[in-house]
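Inspection log for the structure reproduced underneath, given as structure tokens.
Only heavy atoms go into these numbers, but all of them, side chains included; no hydrogens, no water, no symmetry mates. The model shown is predicted, which means the values in this text are computed figures rather than measured ones. Indexing begins at 1, ligand by ligand and atom by atom, following the structure's order.
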Amino acid sequence: MVHNFNSGPSILPKEVFEQASQSILNFNDTGLSILEIGHRTPLFQAVVDEAMATARELMQLDSEHEILFLHGGASTQFFQVPMNLLNENETAAYLDCGIWGTKAIKEARLFGNVEVVASSKDKNYTYIPKGYTVPAGASFFHCTSNNTVEGTQMHSLPDTDIPLVADMSSDILSRVIDFNRYDLIYAGAQKNIGAAGVNLVIVKKDLLGKVSRKLPSMMDYRLHIEAGSLLNTPPVFAVYVCMLTLRWLKQQGGIPAMEKINDQKSALLYDTLDSLPLFRPTVAKEDRSKMNVVWAMDNPELEKEFLSICKENGMVGIKGYRTVGGFRASLYNALPIESVRTLTDLMKDFANKKA
Ligand SMILES: *Cc1c(COP(=O)(O)O)cnc(C)c1O
């Protein structure tokens with residue numbers, strides 16, 4: 001039995017893997033593989049339509065928000081966002097909460113001014129800054145809703161009227177939030193939505209068309225919207241896997257049902273960590289992520305020992321990010337609570353043996 005705690009690409013529902021592999025051989029009884037059908041056929045149009053409609057329904061998006069499936073991973077959005085939203089003489093406000101936010105800031109500086117409104121770098125990104133102000137004249141405010149590497153998650157937004165942009169790669173569809181409150185959301189699919197190779201981008205139409213620079217067609221959100229997200233050949237299989245995962249999510253009861261199970265999984269793991277002095281959760285309690293749980297042990301030898309016990313027991317992807325060390329367990333939507341229970345049982349056994 002394998003327990004997949006990988007941070008991304010990561011676990012997806014078994015039903016999605018089964019259906020996706022079946023469709024590689026014979027898609028919808030057409031005798032054709034999903035990999036060999038044209039992206040402008042009614043067959044694939046139905047996939048895109050269902051993916052968009054299901055995403056819209058699950059997130060309860062209003063008609064001002066457009067849904068796109070774009071290439072290039074979240075890292076492409078790091079520059080596509082400022083390219084579309086920030087004039088050279090304007091300023092964008094960024095929250096610096098981890099390595100992904102830092103990369104987004106670096107890219108934004110290529111296109112205009114960036115004001116970092118707050119940073120948690122002083123404590124190795126182990127908390128989410130609070131009480132900062134977002135300058136009223138900024139073109140937009142950018143934040144990372146969940147810091148995949150460091151294990152922190154935003155539980156509130158700053159009080160501001162300027163457009164909100166969020167990188168939700170690692171916690172989209174995992175908890176109930178007001179998605180319409182955001183002007184632009186992006187998420188690489190390979191954590192909670194589907195296979196690598198595609199981004200889910202949600203953008204409010206009235207945000208666009210305000211920059212003076214010329215945009216390459218593939219970088220222009222407006223052209224993608226006009227083309228119904230089929231401006232060129234999309235990553236067909238990746239979009240198909242997204243559609244299947246969204247369909248699965250709807251069958252499970254949607255985002256509220258996911259939130260409930262995600263709350264149970266993360267509570268089980270954090271409660272166990274808090275009860276065993278051998279393990280030390282690394283981030284501020286109020287900013288803990290329910291998707292990526294990060295902890296360390298004070299003794300490197302014990303860390304090694306526990307890591308090999310995890311491996312022997314089928315735990316995959318439990319080692320912390322190379323710059324952070326320690327451990328990280330990613331508890332994405334598709335991870336069953338049984339995997340978390342197996343992990344916490346191993347922790348308790350280990351702590352008993354070492355006591
Ligand atoms: C994984 C991740 C990214 C990078 O995604 P790519 O698809 O590899 O570009 C960006 N932001 C966050 C929050 C992530 O978790």
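- Atom 9 (O) of ligand 1 has as its closest protein heavy atom Ser75 OG, 2.6 Å.
- Closest to atom 5 (O) of ligand 1 among all protein heavy atoms lies Ala74 CB, 3.5 Å.
- For atom 7 (O) of ligand 1, the nearest non-hydrogen atom of the protein is Gln190 NE2, 2.8 Å.
- Closest to atom 2 (C) of ligand 1, if we only count protein heavy atoms, is Lys191 NZ, 2.4 Å.
- Of all protein heavy atoms, the one closest to atom 11 (N) of ligand 1 is Asp167 OD2, 2.6 Å.
- Note that CD1 of Ile202 is 11.0 Å distant from CE of Met52, once rounded to the nearest 0.5 Å.
- No side-chain donor-acceptor contact under 3.5 Å links Asn192 and Ser170.
- A 4.5 Å side-chain heavy-atom check between Leu230 and Pro234 finds at least one atom pair inside the cut-off.
- Considering only non-hydrogen atoms, atom 15 (O) of ligand 1 lies nearest to Thr148 out of Thr148, Val198, Asn192, Asn199.
- In this structure, Lys191 and Asn292 have side chains that are not in contact, with every pair of non-hydrogen atoms separated by 4.5 Å or more.
- A heavy-atom distance below 4.5 Å is not found between the side chains of Leu207 and Tyr221.
- At a heavy-atom cutoff of 4.0 Å, ligand 1 is contacted by no atom of Tyr186, backbone or side chain.
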